[in-house]
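See below for the structure under consideration.
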Amino acid sequence: MTEEKFQIRIDKEEKIEPKDWMPEGYRKHLIRQISQHAHSEIIGMQPEGNWISRAPSLRAKMILLAKVQDEAGHGLYLYSACETLGISRQELVSQLHSGKAKYSSIFNYPTLSWADMGAIGWLVDGAAIVNQVSLQRTSFGPYARGMVKICKEESFHQRQGYEIMAQMAKGTSEQKAMAQDALNRFWWPSIMMFGPNDSDSPRTGNAMKWKIKRKTNDELRQEFIDKTVNQAEIIGLTIPDKDLKWNEQRQHYDFGEMDWDEFWNVVNGNGPCNKQRLNHHKKAHDDGQWVREAAKSYAQKQELIAN
Amino acid sequence: MSENRTVWEVFIQSKNGLAHKHVGNVHAEDKIMALENARELYTRRNEGSCIWVVKSKDIISSESEDAEAFFDPSNDKMYRHPTFYTMPKGSKHI
């Protein structure tokens, strides 16, 4: 099989399966993208896990627990998809720990108030959904199937977040102020989740040609903003962007310039929580070592008994 | 860093009477753990009435590159399909 034949399959919208021939660049791009996606789900458990013990009601606590468990599940679906490309789970985790593999920068921001649970569900999961809906059509079969499953579960996440924001925005003036503050802090990091502008995104070309990505960063970002403005208006909160304005001619919202210095700063490890997030993951992994060893020796013992 | 655990493929029967369908895989040391991990990972929303787990290494797959040759024998037997046959005009329920 040659790269041309491969491209013909891609252009015919055929799905590529793990055992099919694929260019090395395609495999590499997928491993990087899927593992980054998986790590984001796993690290994303931390900012929300932070509020499980302090949720304001039993209902809120049960929902948050279920949501964090879903994030773990999403991480595992994605690790599974990534492993079909010939990389082991162990290698993926060690790439996360060494810093070779990244995760979404959004999770390097702290969650300071309960309203942040609302903002994360509404905005962060909302942005993730826009991206993931388009990835349901990605050309690599296991990734596409994982996305279908994740998208089904993800809309509960966004709705629970928006419900929290709506409730707080309707509450006392302090509660409304908390909701607005959470929106202020999470708005820009959320729209930066879509990555650099297309003009500064060197890998977009191949990813689009191979149909790994189906829409560019800027297209997805615009889609998210167009959807979200009205939701903010309905609950009486103000999006912190003075340049945000409906453009009749484009039939889209215009919006302000993102602070790319901050973006790259956080990507490169200098966000408010980068160290904390990674250290916590390493610690949890190390603390689980004895469990893995015990499970292994138990399994070996059972096998001996059986034979 | 510890070595990798065994990978198990997971098949779920979504409703009594339907076939089991592949949904993904889990890592586990033994079959009980594999079943329990599969339940936690793939049936958090009542997706299943029965789960099968099978060690990935025990699955034998045909090669997708050889698909054409492998499935070729069935291509020239159109007479296996009901549409191959000409029915007399006016005949019904056949």
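Throughout, a chain's letter reflects where its sequence line sits, starting with A, and its residues are numbered from 1.
In this structure, the side chains of Gln69(A) and Glu40(B) come closer than 4.5 Å at one or more pairs of heavy atoms. In this structure, the side chains of Glu293(A) and Glu29(B) stay at 4.5 Å or more apart for every pair of heavy atoms.
For the pair Tyr77(A) (side chain) and Leu41(B) (backbone), a donor-acceptor distance under 3.5 Å is present. Of the possible polar contacts, one joining the Lys149(A) side chain to the Val23(B) backbone as a donor-acceptor pair under 3.5 Å is found.
In this structure, no portion of Lys152(A) lies under 4.5 Å from any heavy atom of chain B. With a threshold of 4.5 angstrom between heavy atoms, Tyr79(A) does not approach chain B through any atom at all. For a residue to count as touching a neighbouring chain, one of its non-hydrogen atoms must lie under 4.5 Å from one of that chain's; by this rule Ser61(B) touches chain A with backbone and side chain alike.
Between chain A and the residues Met33(B), Glu47(B), Glu63(B), the largest count of heavy-atom pairs under 4.5 Å involves Glu63(B). Most heavy-atom pairs under 4.5 Å with chain B: of the set Gln300(A), Gln302(A), Glu153(A), this distinction falls to Glu153(A).
The local environment of NZ in Lys301(A) is sparse, with at most 12 non-hydrogen atoms from other residues, nucleotides or ligands closer than 6.0 Å. More than 12 heavy-atom neighbours from other residues, nucleotides or ligands sit within 6.0 angstrom of CG on Asp286(A). More than 12 non-hydrogen atoms from other residues, nucleotides or ligands lie less than 6.0 angstrom from NZ of Lys211(A). Heavy-atom neighbours of Glu13(A) CD from other residues, nucleotides or ligands within 6.0 Å: above the threshold of 12. Counting non-hydrogen atoms of neighbouring residues, nucleotides and ligands closer than 6.0 angstrom, the NZ atom of Lys283(A) reaches no more than 12 such neighbours. The number of heavy-atom neighbours closer than 6.0 Å to CG of Leu304(A), taken from other residues, nucleotides and ligands shown, is above 12. Atom NZ of Lys209(A) has more than 12 neighbouring heavy atoms from other residues, nucleotides or ligands inside a 6.0 Å radius. Atom CG of Asn46(B) sits in a sparse spot, with 12 or fewer heavy atoms from other residues, nucleotides or ligands closer than 6.0 Å.
Inspection of the His27(B) and Glu83(A) side chains reveals an N or O donor paired with an N or O acceptor under 3.5 Å.
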Evaluate the side-chain contact (heavy atoms from CB on, under 4.5 Å) criterion for residues Arg89(A) and Arg5(B): first the C-alpha distance (whole Å), next the side-chain angles of each, then the deciding distance (0.1 Å), finally the verdict.
CA-CA 9 Å; Arg89(A) 182 88 49 109; Arg5(B) 260 139 296 283; over 6 Å; no
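For a heavy-atom cut-off of 4.5 Å, chain B lies close to no residue in residues 28-51 of chain A.
Between the OG atom of Ser62(B) and the NZ atom of Lys19(A) there is a distance of 7.0 Å, given to the nearest 0.5 Å.
The pair Asp70(A)-Arg45(B) meets the salt-bridge criterion, since a charged nitrogen lies less than 4.0 angstrom from a carboxylate oxygen.
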